[in-house]
**Q** 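My questions all concern the structure below.
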Amino acid sequence: MKPSLPQGTRDFAPEIVYKRAYILNTIKSVFELYGFQPLETPAMENIDTLMGKYGEEGDKLIFKILNNGLDNTDKAEKTKSGFANILDGKTDKNITERALRYDLTIPFARFVAMNRGTLVFPFKRYQIQPVWRADRPQKGRYREFYQCDADVVGSDSLLYEVELAQIYATAFSKLKVPVEIHVNSRKLLTALAESCGAAEKLTSITIAIDKLDKIGLEKVKEELAGRGLDEKQIDIVEKYLSIEGSNTEKLNQLAELFAGNESAKKGLDEINFLLNHLTSNIGKSIVVDQTLARGLDYYTGIIFEVKAVGVQMGSIGGGGRYDNLTGLFGVSGVSGVGVSFGIDRIFDVIEELQLFPEEAANKCKIIFLNLGESEGEKAFELATSLREQGIAAEVYPDVTKFDKQFSYAKKKDFQYVVIIEQKELDSDTCNVKDLTNNEQQIVAMTDIVPFFQGKQDIS
RNA sequence: GAGUUUGUAGCUCAGCUGGUUAGAGCGUCGGAUUGUGGUUCCGAAGGUCGUGGGUUCGAAACCCAUCAGACUCCCCA
């Protein structure tokens, strides 16, 4: 059979794994620095946990897992009626009762709700795991991909918004990716809907504004009209969207536009609090962006979106404050705020900007050539003694032509080639060649371990 | 769910308006040379032209269907 991969999934070759690990470890270390702790949840959840949480479209994109034992004749009746439901577009527990995780947020909410008695609040967790969506893949979108989330639940404190902004700034600065952190408050959007006299159209307005980046102002206006806003209302939205200037200028104009509006005041207070608690170093990458909306409608306060500077790429991170996430699981009044890192896009950005460090690939740097039976034996012995001291080394497995072995060493990018021929055997030495500068050195076999231990670049 | 597009050797691709035994480069393997650098030379292996139908004297090429990938829309990360 022809080997192939399910649509929208990927293998990660060694070089890629190293690079991804570099990104993940960097972000992880920042999470830990702020006291976030790791959480892992199962790849699959009960289907009820997921269904109905992501909207009608979302339900369709959940990968359902077929129950085992559907061929059990004792259950034939149930199975058949179950299939009738499936054909009707419903789900049925007789056919499927589990599904692959669609994101990390709902499983987290489920976890918090289940363990509310024993968790210490505020609970700060980060989670880096794959999720699955039955979407049609396209550029930068896969059916299996990783999400990297950090959330804190059980506190209303705006200091957490500040922490999360710091986490974004610190992580991307460690990764050397220049970013803008766009910030807005959903309360300003509420204020906008209110001043249009269309509070009930908040979601419609939010969804339309969210597309501004992609489709432009005119199309947004068309969309708003399509969603039932009249000209006067659209004018207000347009006025709101066209506010420009520095952060302070924007905030002043917004205060003016929404003078007397309670929601707006709260929203502006949130943003000001955030700005006032950031060091100027971090503050300079913050962009107040009242056009930021975020598609998901569970956000209630500050929202974030991170954009790489100088790269044509959508957002590489996003998040915000949400109230009552666990309400879905019968636990209400738990406020949370979280951020997410778009690992795959971050990877692409770092690749494009060529910012991956050399050491991202933690390669074995020493190869012993195998130039004869007893020569090879000796080489293997010496390699073993290096390995015992924690120094990675490889031995060419077969006695073949020198050329072939050397070219293997070049292709796999070894730094040191250790050559042992009869001459070396006779004198209990080895010939160590450094391929970075082509210098050769005769090293006594008994000195091989200290020799490499003395090399800074060997871990 | 809808659309566009591609499918020929392990990889990247040629293959003209249908016309003998389907080619190249790279890679792989073998040999010679060099026997401390990717060289050079010689040679070899490797293809049901995605699959199934159809048109034709003749199909990798044209038509239909089907499968798979890539991309776009919807939606999202």
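All of these numbers come straight from a predicted model, not from anything done at the bench. Every chain is numbered from 1, with letters handed out A, B, ... down the list of sequences.
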**Q** Go through the structure and list residues passing ring-ring contact (aromatic ring centres under 6.0 Å, His included) with Tyr299(A), not counting sequence neighbours.
**A**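 For Tyr299(A) there are no ring-ring contact (aromatic ring centres under 6.0 Å, His included) partners, ignoring immediate neighbours.
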
**Q** When you get a sec, tell me which of C75(B), U36(B), C71(B) is the closest nucleotide to the side chain of Glu57(A)?
**A** C75(B)

**Q** Looking at the base of C75(B), is there any donor atom on it, or on the side chain of Arg141(A), that sits under 3.5 Å from an acceptor on the other one?
**A** yes

**Q** Got a list of protein N/O to nucleotides 65-70 of chain B N/O distances below 3.5 Å?
**A**
residue: G69(B); atom: OP1; partner: Gln7(A); partner atom: N; Å: 3.2

**Q** Defining pairs by Watson-Crick or G-U wobble geometry with both distances under 3.5 Å, how would you list the stems of RNA chain B with at least three pairs each?
**A**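 RNA chain B forms these stems: B:1-7 with B:67-73, B:10-13 with B:23-26, B:28-32 with B:40-44, B:50-54 with B:62-66.
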
**Q** Have a look at Gly58(A) and say if it touches a base, only the backbone sugar-phosphate, or nothing, with a 4.0 Å heavy-atom cut-off.
**A** nothing

**Q** Side-chain donor or acceptor of Asp403(A) under 3.5 Å from a matching atom on the base of U36(B)?
**A**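 Under the 3.5 Å cut-off, the side chain and the base do not form any donor-acceptor pair.
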
**Q** Closer than 3.5 angstrom, by distance alone: can the side chain of Asn67(A) be matched with the main-chain N or O of Lys93(A) as a donor-acceptor pair?
**A** yes

**Q** Anything under 3.5 Å between a donor and an acceptor, one on a side chain of residues 38-47 of chain A, the other on a protein residue two or more places apart or in another chain? List them.
**A**
residue: Thr41(A); atom: OG1; partner: Gln127(A); partner atom: NE2; Å: 3.0
residue: Glu45(A); atom: OE1; partner: Arg110(A); partner atom: NH1; Å: 2.9
residue: Glu45(A); atom: OE2; partner: Arg110(A); partner atom: NH1; Å: 2.5

**Q** Which residues satisfy the side-chain contact (heavy atoms from CB on, under 4.5 Å) test with Asn324(A), sequence neighbours excluded?
**A**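 In terms of side-chain contact (heavy atoms from CB on, under 4.5 Å), with neighbours along the sequence ignored, Asn324(A) is linked to Ser332(A).
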
**Q** Looking at every strand, decide which applies to Leu435(A) at a 4.0 Å heavy-atom threshold: base, sugar-phosphate, or nothing.
**A** base

**Q** For Phe414(A), check ring-ring contact (aromatic ring centres under 6.0 Å, His included) against everything at least two apart and list the hits.
**A** none

**Q** Do any pairs count as a ring-ring contact (aromatic ring centres under 6.0 Å, His included) and have a residue in residues 133-155 of chain A, sequence neighbours left out, and if so which ones?
**A** none

**Q** Closer than 4.0 Å, any side-chain N/O of Lys211(A) to the OP1 or OP2 of C75(B)?
**A**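 True: Lys211(A) side-chain N/O within range (under 4.0 Å) of C75(B) OP1/OP2.
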
**Q** Restricting to pairs with a member in residues 368-380 of chain A, which pass side chain to side chain donor-acceptor pair (under 3.5 Å), not counting sequence neighbours?
**A** Lys378(A)-Glu381(A)

**Q** Quick test of your reading: applying ring-ring contact (aromatic ring centres under 6.0 Å, His included), list the pairs with at least one residue in residues 300-329 of chain A, sequence neighbours left out, ordered by first then second residue.
**A**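 Listed by first then second residue: Tyr298(A)-Tyr322(A).
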
**Q** Could you go through nucleotides 26-30 of chain B and list every protein N or O atom that sits under 3.5 Å from one of its N or O atoms, giving the distance for each pair?
**A**
residue: U28(B); atom: OP1; partner: Lys411(A); partner atom: NZ; Å: 3.0
residue: C29(B); atom: OP1; partner: Lys404(A); partner atom: NZ; Å: 3.1

**Q** Could you work out, with ring-ring contact (aromatic ring centres under 6.0 Å, His included) as the rule, every residue matching Phe108(A), not counting sequence neighbours?
**A** none

**Q** What pairs with Phe63(A) under ring-ring contact (aromatic ring centres under 6.0 Å, His included), at least two apart in sequence or on another chain?
**A** none

